[in-house]
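As the structure is a prediction and not an experimental result, all values here were calculated from the model. Chain letters run A, B, ... following the sequence lines, proteins first and then strands; every chain starts at 1. When reading the values below, keep in mind they use all heavy atoms of this one structure, side chains included, and skip hydrogens, waters and symmetry mates.
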Amino acid sequence: MPELPEVETVRIGLAALLPGRRVAAVDFDWPKGFPNSDADVQAHLVGARISAVKRRAKVLLIELDSEYSLVIHLKMTGQLVFRGEQHFGAGHPNGSLVGELPDKSTRVTFTFEDGSKLFFNDQRKFGWVRLLPTVEVPAIDFFQKVGPEPLADDFTAEAFTERLRRRNNSGIKAVLLDQTVVAGIGNIYADESLWAAKIHPLSHVRDISDTQLRDLYAGLIKVLKLSIEKGGSTDRNYVDAEGKRGSYLTFANVFRREGKPCPRCQTTIVKLRVAGRGTHICPHCQVVPPEKKS
DNA sequence: CACTTGACCTGTCCGC
DNA sequence: TGCGGACAGGTCAAGT
């Protein structure tokens, strides 16, 4: 669901729609997901103008000229959908997967002074929104621990390998999903990049060669970039800032393709459970390497 | 320390 | 048709 490419797609959409808009009203009644007080919201959000929309890991940052920021995590079923005045109250625009808003999973509604609105929807309520002083954002627990951005210029194959080798005793899929190792990878892109590098998800890092880790790095960067290009992966819930679905899953090689042939060797793809997650592999291309003594 | 499991939620799907 | 249970999978906390 929302992993790095999906959150980046939302960011790109919002960055084209939000900057310059002034917040006129905020409707929320969700203390668990959006714990700020009414007074906080009135003082630092209402009346403020959006200056930028950024992303770090799977977290969106909407910066305001009040020197506060909205910090938003979509977790599994979160959506941020913008509706301009022309759409509002008149059904949903063409191509949107989402119907009339607000709906029963709308948790927060931001209304701008021109009448346009931004809806935060989250069926399962795992997501969250925080209003924080912008200077305090890097200090939140998650950002203190999270690893490097995989698409940053300085995140080389060497940097990737060096960080993975610190977790030599762990299973590779668990390591890829660990946000403190590398930011932004979730279940979809872990499976896709492991398939690309022909690595079994249960392999211990120590048993994977440097060459294979280099292939994994290359595969990861490739699937992340391709997915951003395709607007992310829509399985059930994920939509972009305009409520539209992403098409990456059309290009997926293993994810959610159990029972179908491996695009490389035609062997039937199977689904396993690894690190508590549904995990998709080609049992021919991806085999557990022999254990190395350590 | 590292790994696994459960919790957080709601909606959907499957079998009986 | 109704109903219970499994499942979806990001992150944190607690347990082994």
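- The side chain of Arg107(A) sits closest to dT10(B) out of dG9(C), dC12(C), dT10(B).
- The cationic atom of Arg107(A) (NZ for Lys, CZ for Arg) does not lie both less than 6.0 Å from the six-membered ring centre of Trp128(A) and within 45° of the ring axis.
- Closest to the Lys145(A) side chain, of the nucleotides dT11(C), dA8(C), dC12(C), is dC12(C).
- Atom NZ in Lys32(A) sits roughly 10 Å away from atom P in dT10(B) (whole-Å rounding).
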Checklist line | Dot-bracket notation for DNA chain C, counting Watson-Crick and G-U pairs under 3.5 Å, with | for partners on another strand | finding: .|||||||.|||||||
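- What separates CZ of Arg256(A) from C1' of dC7(C) is a distance of 9 Å, to the nearest Å.
- In this structure, Phe34(A) and Phe110(A) have tilted ring planes: the angle between them lies in the 30° to 60° band.
- Comparing dG10(C), dC3(B), dC12(C) against the side chain of Arg167(A) picks out dC3(B) as the nearest.
- Counting to the nearest Å, the C1' atom of dG9(C) and the NZ atom of Lys75(A) are 11 Å from each other.
- Using a 4.0 Å heavy-atom distance criterion, Phe255(A) is classed as a sugar-phosphate-only contact.
- Ranking dT11(C), dC3(B), dT10(B) by closeness to the His73(A) side chain, first place goes to dT11(C).
- Which of dA8(C), dC8(B), dT10(B) sits closest to the side chain of Phe126(A) comes down to dC8(B).
- Classified by interplanar angle (parallel below 30°, tilted 30° to 60°, perpendicular above 60°), the ring pair His44(A)/Tyr68(A) is parallel.
- One can find a donor-acceptor pair under 3.5 Å joining the base of dA8(C) and the side-chain atoms of Arg124(A).
- Set against dG11(B), dT11(C), dC3(B), the side chain of Lys58(A) has dT11(C) as its closest nucleotide.
- For Glu3(A), counting side-chain heavy atoms from C-beta on, the closest listed nucleotide (dA2(B), dG10(C), dT10(B)) is dG10(C).
- Comparing Gly171(A) and Gln123(A), the nucleotide of DNA chain B nearest to each residue sits closer to the 5' end for Gly171(A).
- Contact check, Lys104(A) against dT10(B): no side-chain N or O comes under 4.0 Å of OP1 or OP2.
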